[in-house]
Amino acid sequence: MLDIKYIKEHIELIREKLQQRGDTTDLGKFLEYDQERRTILKESEELKHQRNLFSQQIGVLLKKGKVADEIDTVKMKETSNKIKDLDEKLKITQINLESFLHTIPNIPHSSVPIGSDEKENEIIRHWGKIKSFSFEPKAHWDLGESLGILDFLRSSKITGSRFSLYLGKGALLERALINFMLDLHTKQHGYTEVVPPFMVNSTSMFSTGQLPKFEEDLFKTSQEDFYLIPTAEVPLTNIHREEILEEDCLPIKYVAYSPCFRREAGSYGKDTRGLIRQHQFNKVELVWFSRPDNSYLNLELLLQDAESVLQILELPYRIVNLCTGDLGFSAAKTYDIEVWLPNQKMYREISSCSNFEDFQARRGKIKYKDKEKGKIKFVHTLNGSGLAIGRTVVAILENYQEEDGSITIPKALQPYLGGITKIEKAH
RNA sequence: GGAGAGGUGGCCGAGUUGGCUUAAGGCGCUCGCCUGCUAAGCGAGUGAAUGGGGAAACUUGUUCCGAGGGUUCGAAUCCCUCCCUCUCCGCCA
């Protein structure tokens, strides 16, 4: 959510930035509502001032022993009714204004390339050497099924399409990756580990920006106002909702494993096979609460933390700076980490690291006390996947496959799989 | 699910016969003084949101005591609905 004052003072800049995003919000309407709101507010406040003065006088008169019917209350009754009418009007205008505000996306940072879709994203750098195979590398779903560690037929029987069933060493690999990443981020990168609720209320979803605009992407329980989280970003960012943090505590860095639930509405026919696009998948998520002045430096640090996972696993990847048209609703800047998949012969997103500036903080009222000026300001929130577990499994299966269909376990991961070095077909 | 208690500023906490509460007091924090360090002590300051005026320091108004309604000239205080926390009971991994 943007600051009303900032919008008013930078109306042309906002228009331009929204256009770069491909957003078609009519800001003229917004200014009208704001003008209307201030007019009504002023009128109502003046009447309230009168009412306050008058009722104070009544208090004094009664103390002096005057009787109630010596006091003219008819006029004040009228004033009270007027106030009531005005406040009702004000409420409607306020709702109109807010629903505007709630659906305006964040403003892209100046370092974000201008473009309309992912084709215009900026490739920042590459890491690692792409392995050349002496045979045609297989897709992870073929590898997984023939090794007996993935079973998509049975998962769709149990639930439906876009769900998965890991078995044996596959399940172990998934669990090993979760533990490996949690250990890395807590022990090497200074994150505090969290096990959050996997369902949240609508207020939490509003803070991070999933609601009100993207309800159709979420799973919701039918009996309560609870939503299944699409990412641990939601509960982690909401840990400090409606709080005022001490500046000395910043930055706060949380890491959590969670399953993620996404309806994937509008992605019919995309990535229908395999683990790439699931209604439920596991992820280790990193969330930062930062001072505003160094949040972009912290974004680089967050990105490094996420990257290091792939470096240790020795999986080649590249870093992409998303262009204005490809940016998510709440983000001011996003780096995607894309891992190399030899079967598809392309890079696929495995992590997304963003700075939301004060967009989420304003929605969730997450503030801190500035030591120097003693002022209360909004924090900046950042988050990134560190990493998506399912897609990491995909990358390992495809990059570490041998000609006989077996999978070599990356060295750093072997202790987490009880020392085994290979996944082979069980006989 | 049943019964009871409660929800007040960054934190603790007083205030429920409706009216100098303009939310006491304490802790914490900031600044200053004192003490050759530290601790203690003394003094002053210190809630949030939002509207107006001002270049700014600042000034002035309104709202906020879990949320939303109601009664009243006037509500932290009375009434209704809902949410949350705690204790006990029930059910349960």
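In the text below, chain A, chain B and the rest are named by the order of the sequence lines, each starting its count at 1.
Side-chain proximity of A:R38 to the nucleotides B:A49, B:G52, B:G10 is greatest for B:G52. Residue A:R37 has its side chain nearest to B:U50 when only B:U50, B:A48, B:U63 are considered. Distance from the side chain of A:K91 is smallest for B:G68 among the nucleotides B:G10, B:G61, B:G68.
Look at A:H49 and you won't find any side-chain N or O under 4.0 angstrom from OP1 or OP2 of B:G61. Put simply, A:K367 has a side-chain N or O that comes within less than 4.0 Å of OP1 or OP2 on B:A49. Contact annotation: A:N81 side-chain N/O to B:C73 OP1/OP2 distance is not under 4.0 Å.
If you check distances only, the side chain of A:E45 does reach the base of B:G61 with a donor-acceptor pair under 3.5 Å.
Applying the side-chain hydrogen bond (donor to acceptor under 3.5 Å, both in side chains) criterion to A:K48, with sequence neighbours excluded, gives A:D87.
Atom CD of A:E98 is separated from atom P of B:U50 by 12 Å (rounded to the nearest Å). If you take CD of A:Q56 and P of B:C20, they are 8 Å apart, rounded to a whole angstrom. For the pair A:R241 CZ and B:G66 P, the computed distance is 18 Å after rounding to whole Å. Atom C1' of nucleotide B:C73 and atom CD1 of A:I58 are separated by 4 Å, given to the nearest angstrom.
Comparing A:K84 and A:Q50 by the nucleotide of RNA chain B whose heavy atom lies nearest to each, the residue mapping closer to the 5' end is A:Q50.
Nucleotides B:U77 and B:U85 place their P atoms 23 Å apart, quoted to the nearest Å. One P atom belongs to B:U22, the other to B:U62, and the distance between them is 11 Å to the nearest Å. If you take atom C1' in B:G9 and the same atom in B:A76, they sit 13 Å apart, rounded to whole Å.
Stacking of A:R363 on the aromatic ring of A:F206 is recorded, both the 6.0 Å distance cut-off and the 45° axial limit being met.
No engagement by A:L245 is indicated, since no non-hydrogen atom pair under 4.0 Å with the nucleic acid exists. Contacts of A:K42 with the nucleic acid, taken as non-hydrogen atoms under 4.0 Å apart, are absent.
The pair A:D23-A:R21 does not meet the salt-bridge criterion, since no charged nitrogen lies less than 4.0 angstrom from a carboxylate oxygen.
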What N/O pairs connect the protein and nucleotides 74-83 of chain B at under 3.5 Å? Give each pair on its own line.
from	atom 1	to	atom 2	distance (Å)
B:G74	OP1	A:S80	OG	2.7

Which donor-acceptor pairs under 3.5 Å do the side chains of residues 324-332 of chain A make with protein atoms, sequence neighbours left out?
from	atom 1	to	atom 2	distance (Å)
A:T324	OG1	A:Q20	O	2.9
A:T324	OG1	A:G115	N	3.0
A:T324	OG1	A:G115	O	3.0
A:D326	OD2	A:N121	ND2	3.0
A:S330	OG	A:T208	O	3.1

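Residues A:E357 and A:H380 bring no donor and acceptor atom of their side chains to less than 3.5 Å of each other.
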